[in-house]
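Sequential numbering from 1 along the given sequence is applied to the chain's residues. Nothing here was measured: the structure is a model prediction, and the numbers come from that model.
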Amino acid sequence: MGELISSKKGTRQREVSKQNLEKPSCIKRGSKKHLVLVDEDDDEDNDISQGWEDDGNEGYSLRSQGYADQDDAYDDMDANNHNEIQGADSHDDSEGEDDALVQDQLQSPELEKAIEISKTNKRGPTMLHLVHTRKVDEREVIICNKFGQPVGPRTKEKDVVGKFSRFFGTIARNQSYAPMTYSSWHKVPHKDKMWEYVLEKYDVPYAAKTWVLKATGNAYKVHKCRFKKKHFYAYKDNKTRLMNRPKNIPVDDFSPLLRLWSNKDVEKRRLRAKEIRMSQKNMHTAGPISFAIIREEMRNDDPNKELPSLTKVFERTRKRTEGRAYLDTYDDTAMKIEQMKNYKPPEDGSVLVDPFTAVMNKEYDGYLRLYGRGVTKKMMEKMDGKEEPYMIPDGLMESFKADIEGEKTQLLEMRKEIEEEHQRKKAELKAMHKDFDNKQANFEATMRSIMEKLPIEVLQDLRDE
């Protein structure tokens with residue numbers, strides 16, 4: 001199993017121009033050397049910065065700060081389109097046409113805004129050294145809800161589940177686990193190895209496997225988008241790109257990647273995905289916090305500890321910060337929230353629906369909105385009417401049971417010792433009473449014997465006194 005490696009921490013300064021971007025360094029650690037993809041602009045700790053940002057489908061979309069859609073219905077949009085490029089890796093189109101396409105993209109004002117980065121201080125990618133070097137017996141426990149979505153532990157002092165989510169980004173950037181030469185996440189093999197590595201660093205319930213792999217796939221897409229922006233769109237032709245190839249990516253991997261991204265079918269798919277992405281409305285402003293955690297927080301804040309309605313979740317995840325600039329208006333979202341609040345159920349006694357569903361129309365096929373990544377209609381039907389239990393790892397549950405049995409045995413032994421001590425004290429007290437009675441009888445007998453031996457005159461005087 002490949003070992004995820006880390007890079008030096010520290011502040012880096014770099015000036016990126018349209019003609020040339022600084023090449024990331026090859027990161028090596030320890031005696032074993034691995035090829036690792038590192039994105040120097042990647043910072044999983046931060047939300048999406050304002051301006052042009054990669055859209056998760058190998059393109060760019062104009063999105064404002066905190067204006068992401070990681071948990072809604074379009075989360076795995078490329079799942080419906082990846083079959084269109086089955087042959088994308090096997091051929092290369094005309095170099096002249098590809099260069100013209102890239103040149104047009106380079107001349108667009110949007111892309112100029114994306115790549116003309118001023119000189120700023122930026123931290124490196126999140127590496128999570130302590131997580132990757134921890135031993136099995138040092139693993140932190142992850143608690144999941146009934147859908148297998150991680151929801152804790154999470155406190156103001158320590159956000160374990162937040163770090164757990166950022167951990168997937170370090171896996172997605174590792175060539176040993178997720179090579180970038182595949183056209184989509186669905187084609188990346190050996191996902192079970194990734195899951196096994198996650199289990200080595202965190203104690204996670206098995207039910208969370210689907211969520212973990214989906215989250216890793218999303219991090220994989222984001223990493224490819226950022227890598228493509230830095231090492232594909234930044235140069236006008238493949239020859240220049242090869243000359244500026246990142247040192248940690250072998251030519252045998254980088255060349256097929258350039259052929260894939262130069263393919264016209266792939267470019268059409270990217271533009272189509274970008275168009276769909278840009279057409280979305282009422283996108284959430286929750287940032288990197290998952291909807292599962294938000295729903296859990298809302299339930300904990302409720303006096304009756306009840307789960308929030310979809311309407312409340314929609315309003316909570318669409319809040320906007322005063323003073324922050326957004327690229328779209330809030331009018332349509334505000335109107336829909338008002339419609340949900342004023343919604344009145346039909347009087348004909350039909351099935352009651354949440355105002356969110358009535359206003360936003362029926363759900364899409366597959367994933368349900370506002371529940372977070374991985375929740376489907378089929379899963380909801382299975383869980384309907386059931387309580388909202390928490391899932392903890394089987395090993396931890398067995399440990400709890402063993403601890404309970406051990407404590408039970410100790411309590412029984414303590415009870416037995418207490419009973420034995422009680423019986424012993426009782427026997428001692430009985431013996432003390434018996435000894436006291438014997439001494440009292442002896443004393444009375446002695447006094448009678450003395451009285452009998454005294455002269456009659458003395459006894460008379462004693463009586464008179």
Side-chain angles (χ1 to χ4, degrees), residues 18 21 37 39 41-42 48-49 51-63 67-70 72-115 172-173 178-188 214 217-238 240-242 246 249 253-280 283 327:
K18 176 178 174 181
L21 293 176
L37 293 179
D39 190 348
D41 290 331
D42 185 16
I48 299 171
S49 59
W52 283 90
E53 187 66 34
D54 32 275
D55 59 10
N57 291 289
E58 298 182 2
Y60 305 98
S61 69
L62 196 58
R63 296 159 64 189
Y67 206 64
D69 195 22
Q70 74 228 20
D72 281 343
Y74 295 104
D75 177 57
D76 285 329
M77 185 179 359
D78 64 334
N80 300 323
N81 301 320
H82 76 277
N83 291 328
E84 300 178 10
I85 55 172
Q86 294 291 334
D89 295 331
S90 59
H91 65 279
D92 193 4
D93 290 340
S94 171
E95 182 72 21
E97 294 178 0
D98 297 335
D99 294 345
L101 175 62
V102 175
Q103 187 64 30
D104 291 340
Q105 292 171 336
L106 284 173
Q107 293 175 352
S108 66
E110 294 87 357
L111 189 58
E112 289 181 2
K113 182 179 179 181
I115 64 176
R173 296 195 301 270
M180 291 188 11
T181 52
Y182 293 95
S183 58
S184 73
W185 168 252
H186 306 277
K187 297 181 181 181
V188 176
K214 286 182 180 296
N218 184 71
Y220 176 77
K221 291 189 294 182
V222 171
H223 170 58
K224 287 187 70 176
C225 287
R226 292 172 175 171
F227 185 88
K228 185 177 183 181
K229 181 173 70 173
K230 289 178 60 176
H231 302 288
F232 185 81
Y233 291 122
Y235 306 102
K236 64 179 182 179
D237 53 47
N238 286 346
T240 308
R241 295 172 187 131
L242 281 171
I249 305 296
D253 287 344
F254 195 63
S255 296
L257 194 60
L258 294 180
R259 288 197 298 269
L260 172 65
W261 285 338
S262 299
N263 183 272
K264 289 195 293 186
D265 291 335
V266 175
E267 177 61 17
K268 290 179 181 178
R269 170 177 170 263
R270 182 194 70 81
L271 294 174
R272 183 165 57 253
K274 175 185 174 182
E275 182 181 357
I276 294 174
R277 190 74 167 184
M278 294 289 289
S279 67
Q280 295 180 27
M283 295 175 69
L327 296 179

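Leu242 CG to His231 NE2: the interatomic distance, rounded to the nearest 0.5 Å, is 12.5 Å. With rounding to the nearest 0.5 Å, the separation of NZ in Lys187 from OG1 in Thr181 is 11.0 Å. Residue Trp185 holds its CH2 atom at 10.5 Å from CG of Asn218, rounded to the nearest 0.5 Å. The distance from the CG atom of Leu260 to the NZ atom of Lys228 is 7.5 Å, given to the nearest 0.5 Å. Within the model, atoms CE of Met180 and CZ of Phe227 stand 4.0 Å from one another, a figure rounded to the nearest 0.5 Å.
Within the 4.5 Å cutoff, the side chain of Ser255 has heavy atoms near those of the Arg259 side chain.
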* Asked: Could you walk me through whether Asn238 and Phe232 pass the side-chain contact (heavy atoms from CB on, under 4.5 Å) check?
  -> CA-CA 8 Å; Asn238 286 346; Phe232 185 81; 4.1 Å; yes

* Asked: Which is it for Thr240 and Lys236 under the side chain to side chain donor-acceptor pair (under 3.5 Å) test, yes or no, and what are the steps along the way?
  -> CA-CA 7 Å; Thr240 308; Lys236 64 179 182 179; 6.0 Å; no

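Contact record, Ser262 with Arg241: OG-NH1, 4.4 Å, taken as the closest heavy-atom pair. In this structure, Ala172 and Ala178 approach most closely via the heavy-atom pair O-CB, 3.8 Å.
The backbone N or O of Ser184 sits nowhere less than 3.5 Å from a side-chain atom of Tyr220 that would complete a donor-acceptor pair.
Between Lys264 and Glu267 there is no salt bridge, since no side-chain N of the basic residue sits under 4.0 Å from a carboxylate O of the acidic one.
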